[in-house]
Amino acid sequence: MVDLKAKPYCLPDEDVRWVEETIAGMTLEEKVGQLFFQLTASQDENYLRELMEKYHLGGCRYNPMPGAAVQQQNRTLQKYAKVPVFIACNTEAGGDGACADGTNIGSGIKIGATRNNDYAYALGKMANEEAAAIGCNMAFAPVCDIHYNWENTEIVTRAFGNDPVRVAQMSKAYMDGLHTIPGFACTAKHFPGNGLDFRDAHLSNNVNTFSVEEWDKTYGMVYKTLIDGGLDAIMGGHIMLPEYARAINPALKDEDMMPATLSPEIMTTLLRGKLGFNGMVVTDASHMVGMTDRMTRREMLPASINAGCDMFLFFNDPDEDFNTMLDAYKSGVISEARMTEALTRILGLKAHLGLNKKAKEALVPAPEVLAGALGKEEYKEMHKAISRDCITLVKYKDRDVLPITPERYKRIMIVHVKGAESGMGMLMKAMGMGGGKNPAEMLKERLCEKGFDAFIYESPLDAMKKQIAAGEKPNINLYFAGKNAIDDFVSGMDLVITLCDVSSGRPSFGLSKGGGEIPWYVFELPVVVIGCGQPTMLADVPQARTYINTYDAKPATFDALVDDLMAGPDAFKGRDPIDSFCGLFDARL
């Protein structure tokens with residue numbers, strides 16, 4: 001049974017009665033609706049009204065848009081909700097995860113590089129103060145995964161690093177900062193822990209291969225720290241934990257192994273039983289392949305609730321999914337006891353947030369609150385401080401390269417290395433979104449302001465693309481067969497900055513034979529390689545003699561980067577939050 005007087009609810013008798021009486025007065029449809037979180041697709045009032053009055057949603061999330069639009073949407077949702085609704089946001093790195101005009105504070109890996117728990121506390125507090133101002137009441141954060149596998153790109157920039165103790169401390173600090181905000185819930189993710197498998201659960205299976213003992217000392221320790229500290233909710237990840245599942249149920253066969261969100265061994269026996277978690281559990285997004293490839297969707301929806309999850313994240317088709325869950329409840333696939341338990345946790349958390357005691361019009365702040373709530377100067381200064389303290393000089397073999405000054409290196413070539421363009425990236429470009437200066441242009445601008453003669457390298461492939469676009473026929477044979485003399489290549493510059501701007505996957509060097517994209521010339525002239533996306537670029541550019549991670553390409557980050565480059569090696573304050581050498585001996589040469 002759910003203890004509503006214990007953590008994280010700590011409810012007085014009157015709120016316990018509200019939970020019990022509300023459940024007793026619900027229709028079957030209203031009960032089923034509380035199990036669902038939905039991703040809103042429109043801000044049209046009739047659409048939002050239907051979500052609440054037809055599907056009786058327990059929670060909503062949305063894609064970021066300007067704060068005023070989010071606030072109005074949230075006001076509409078609460079207006080038509082019979083039971084106040086959870087409104088969640090992804091404030092993993094700042095209020096910009098709640099609305100487009102929110103403030104970026106710093107990603108998990110940036111804060112991990114500072115080794116400063118106070119920054120994690122500030123992230124939890126500041127990001128969610130902005131979120132609360134637009135009417136959100138729940139954060140799908142912090143990311144308390146541990147980045148053990150350098151090939152894992154799903155959480156590499158989102159997690160606090162590869163040290164379980166640091167992840168536990170910073171996750172707890174984030175939660176404590178968030179809990180300074182009245183009526184706001186913290187949802188840690190992704191239980192039982194991402195970071196061991198190289199695969200992305202959005203696209204494939206994801207497996208946590210740790211033994212029972214290894215898991216208890218690492219991921220288990222992180223979650224126990226949060227649970228003991230009053231964690232409100234947990235997001236279950238579509239992550240298999242086979243060694244633990246077999247220890248709990250030795251009869252499990254390989255073909256019976258399920259991701260945590262479909263595994264009663266993990267979500268009930270381990271999380272509820274061994275770790276003693278009394279709070280609410282929501283699944284990760286239900287379109288992810290790590291969940292959808294194990295059974296039919298009709299089986300999957302009730303299976304997630306029966307495994308121990310209380311809420312199901314996102315409809316596929318609203319009518320289809322709602323009726324699937326309703327049929328499962330009516331037929332007894334979801335028992336009355338299990339339904340009541342899930343509803344008790346859901347409504348218990350809503351009562352803990354005080355949503356049951358507020359008038360509908362008070363559930364979302366007034367519009368005039370926004371002007372003073374978003375983009376406070378203290379938030380911007382915190383972002384700058386984290387950006388100054390995170391930049392990490394990972395590798396420094398040529399000890400006399402730094403500092404970089406105009407007197408030493410007047411002419412600097414910037415080589416912009418990118419990753420393969422994703423489908424979403426292409427769609428945004430086609431829609432005219434994501435414009436503005438790219439990282440190479442931003443860096444060039446800052447260097448030129450400091451007196452350098454900086455320019456951006458144009459690869460032979462880019463040159464040929466221009467020729468093709470102009471209706472000319474490029475000479476491909478010349479590209480493959482023609483080589484510049486080394487002296488000619490290096491004579492046009494004093495130093496090269498290879499800027500690795502790769503947000504996921506691996507660098508895409510294109511037709512690099514004979515070109516300058518890959519720094520084959522590290523012994524021919526000074527070269528500084530900088531990772532401004534994923535911090536694992538040494539795996540692909542192991543020959544780098546000087547390698548720096550900035551973790552992002554925000555303006556404040558590049559301001560701090562140029563200052564550090566010009567000041568010298570002692571200016572870099574960050575400490576590697578992962579193994580940026582990726583476990584490769586040759587990356588250290």
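Applying the ring pair (Phe, Tyr, Trp, His ring centres under 6.0 Å) rule to Tyr409 yields no partners; only residues at least two apart in sequence or on another chain are considered. Residues satisfying the side chain to side chain contact (heavy atoms under 4.5 Å, CB included) criterion with Lys376, sequence neighbours excluded, are Glu378, Tyr379. Considering only residues two or more places apart in sequence or on other chains, Phe455 meets the ring pair (Phe, Tyr, Trp, His ring centres under 6.0 Å) condition with none of them. With sequence neighbours left out, the ring pair (Phe, Tyr, Trp, His ring centres under 6.0 Å) criterion links Tyr223 to Phe191. Annotation: salt bridge (Lys or Arg N to Asp or Glu O under 4.0 Å) contacts of Asp552 (sequence neighbours excluded): Lys110. Remark: Lys465 pairs with Leu461, Asp462 by the side chain to side chain contact (heavy atoms under 4.5 Å, CB included) rule, at least two apart or across chains. By the side chain to side chain contact (heavy atoms under 4.5 Å, CB included) test, Asn63 is found to be paired with Leu39, residues two or more places apart in sequence or in another chain being considered. Residues passing the salt bridge (Lys or Arg N to Asp or Glu O under 4.0 Å) test with Glu445, sequence neighbours excluded: Lys437. For Asp389, the side chain to side chain contact (heavy atoms under 4.5 Å, CB included) test picks out Thr114, Tyr119, Lys573, with sequence neighbours left out. A search for salt bridge (Lys or Arg N to Asp or Glu O under 4.0 Å) contacts involving Asp101 returns nothing, not counting sequence neighbours.
The side-chain contact (heavy atoms from CB on, under 4.5 Å) test with Thr187 is passed by exactly one of Leu178, Ile234, Val282: Val282.
Judged as a side-chain hydrogen bond (donor to acceptor under 3.5 Å, both in side chains), the pairs with a partner in residues 532-542 (not counting sequence neighbours) are, in order, Arg506-Asp540.
With hydrogens and angles disregarded, no donor-acceptor distance shorter than 3.5 Å links the side chain of Asp398 to the backbone of Asp400. At distances below 3.5 Å, not a single donor-acceptor pair connects side-chain atoms of Thr557 with backbone N or O atoms of Ala553. Although no hydrogens or angles enter the test, the distance criterion places no donor-acceptor pair under 3.5 Å between the side chain of Tyr121 and the main chain of Met175. The main-chain N or O of Ala544 is found under 3.5 Å from a side-chain atom of Lys395 such that the two form a donor-acceptor pair. In this structure, Lys189 contributes its side chain and Phe140 its backbone to a donor-acceptor pair below 3.5 Å. Side-chain atoms of Arg166 come within 3.5 Å of backbone atoms of Pro577 as a donor-acceptor pair (strictly under, hydrogens ignored). Of the possible polar contacts, none joining the Asn90 side chain to the Gly97 backbone as a donor-acceptor pair under 3.5 Å is found. Judged by distance alone, with hydrogens and angles left aside, the side-chain atoms of Ser171 form no donor-acceptor pair with the main-chain N or O of Ala168 at under 3.5 Å. Without hydrogens or angle criteria, Asp232 side chain to Ala185 main chain gives no donor-acceptor distance under 3.5 Å. Of the possible polar contacts, one joining the Tyr396 side chain to the Arg399 backbone as a donor-acceptor pair under 3.5 Å is found.
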Checklist entry - Stepwise, does the side chain to side chain contact (heavy atoms under 4.5 Å, CB included) test hold for Leu495 with Val527? => result CA-CA 6 Å; Leu495 177 139; Val527 178; over 6 Å; no
Checklist entry - side chain to side chain contact (heavy atoms under 4.5 Å, CB included) between Ile548 and Ile391: does it pass, once the steps are laid out? => result CA-CA 7 Å; Ile548 296 164; Ile391 299 176; 3.7 Å; yes
Checklist entry - What do the steps show when you test Glu130 against Cys99 for side chain to side chain contact (heavy atoms under 4.5 Å, CB included), and what is the final call? => result CA-CA 8 Å; Glu130 290 192 325; Cys99 59; 5.7 Å; no
Item to check | side-chain hydrogen bond (donor to acceptor under 3.5 Å, both in side chains) between Thr209 and Glu243, worked out | outcome: CA-CA 7 Å; Thr209 56; Glu243 295 303 314; over 6 Å; no
Checklist entry - Could you walk me through whether Leu561 and Ile530 pass the side chain to side chain contact (heavy atoms under 4.5 Å, CB included) check? => result CA-CA 10 Å; Leu561 168 66; Ile530 297 170; 3.9 Å; yes
Item to check | CA sep, side-chain torsions, deciding dist, call: Tyr551, Thr392, side-chain hydrogen bond (donor to acceptor under 3.5 Å, both in side chains) | outcome: CA-CA 9 Å; Tyr551 310 106; Thr392 308; 2.7 Å; yes
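Heavy-atom minimum distance, Thr550 versus Cys390: O-SG, 4.0 Å. Closest approach of Ala201 to His238, counting heavy atoms only: CB-O, 4.0 Å. Contact between Phe489 and Gly516 at its shortest, heavy atoms only, is CZ-CA, 4.1 Å. When all heavy atoms are compared, the tightest approach of Ala139 to Tyr174 is CB-OH, 4.1 Å. Of all heavy-atom pairs between Ile578 and Pro535, the closest is CD1-CG, 3.6 Å. Heavy atoms only, all atoms of each residue included: Ala260 and Gly237 are closest at CB-O, 3.5 Å.
With 3.5 Å as the limit, one finds a donor-acceptor pair spanning the side chains of Tyr244 and Asp216. In summary, the side chains of Thr91 and Asn128 do present a donor paired with an acceptor at a separation below 3.5 Å, with no hydrogens or angles considered. Donor-acceptor pairing under 3.5 Å is lacking for the side chains of His190 and Asn206. Side-chain N/O atoms of His147 and Asn152 include no donor and acceptor closer than 3.5 Å. Side-chain contact of Asp96 with Asn104: a donor-acceptor pair under 3.5 Å is present, judged by distance alone. Ser491 and Asp487 share no donor-acceptor pair across their side chains, judged by distance under 3.5 Å alone.
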Show me the donor-acceptor pairs, under 3.5 Å and distance only, between side chains in residues 156-165 and residues at least two apart or in other chains.
{"from": "Arg158", "atom 1": "NE", "to": "Glu92", "atom 2": "OE1", "distance (Å)": "3.0"}
{"from": "Arg158", "atom 1": "NH1", "to": "Glu154", "atom 2": "O", "distance (Å)": "3.1"}
{"from": "Arg158", "atom 1": "NH2", "to": "Glu92", "atom 2": "OE2", "distance (Å)": "2.8"}
{"from": "Asp163", "atom 1": "OD1", "to": "Val165", "atom 2": "N", "distance (Å)": "3.2"}

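The residues Lys410 and Asp453 are annotated as not salt-bridged, no charged nitrogen and carboxylate oxygen being separated by less than 4.0 angstrom. We find that Arg61 and Asp284 are not joined by a salt bridge, their nearest charged nitrogen and carboxylate oxygen being 4.0 Å or further apart. Salt bridge status for Asp118 with Lys125: absent, with no side-chain N to carboxylate O gap under 4.0 Å. Between Lys444 and Glu441, no side-chain nitrogen of the basic residue sits less than 4.0 Å from a carboxylate oxygen of the acidic one, so the salt-bridge criterion is not met. Looking at Arg199 and Glu151, no side-chain N of the basic residue comes within less than 4.0 Å of a carboxylate O on the acidic one, giving no salt bridge. Using a 4.0 Å cut-off between charged nitrogen and carboxylate oxygen, Asp559 and Arg446 count as a salt-bridge pair.
Ring centroid separation for the pair Tyr148 and Phe210 comes in under the 6.0 Å cut-off.
Here the side chains of Met442 and Asn438 are not in contact, with every heavy-atom distance at 4.5 Å or above. Put simply, the side chain of Asn149 does not reach to within 4.5 Å of the side chain of Asp197, judged on heavy atoms. With a 4.5 Å cut-off on side-chain heavy atoms, Glu214 and Val212 do not count as touching.
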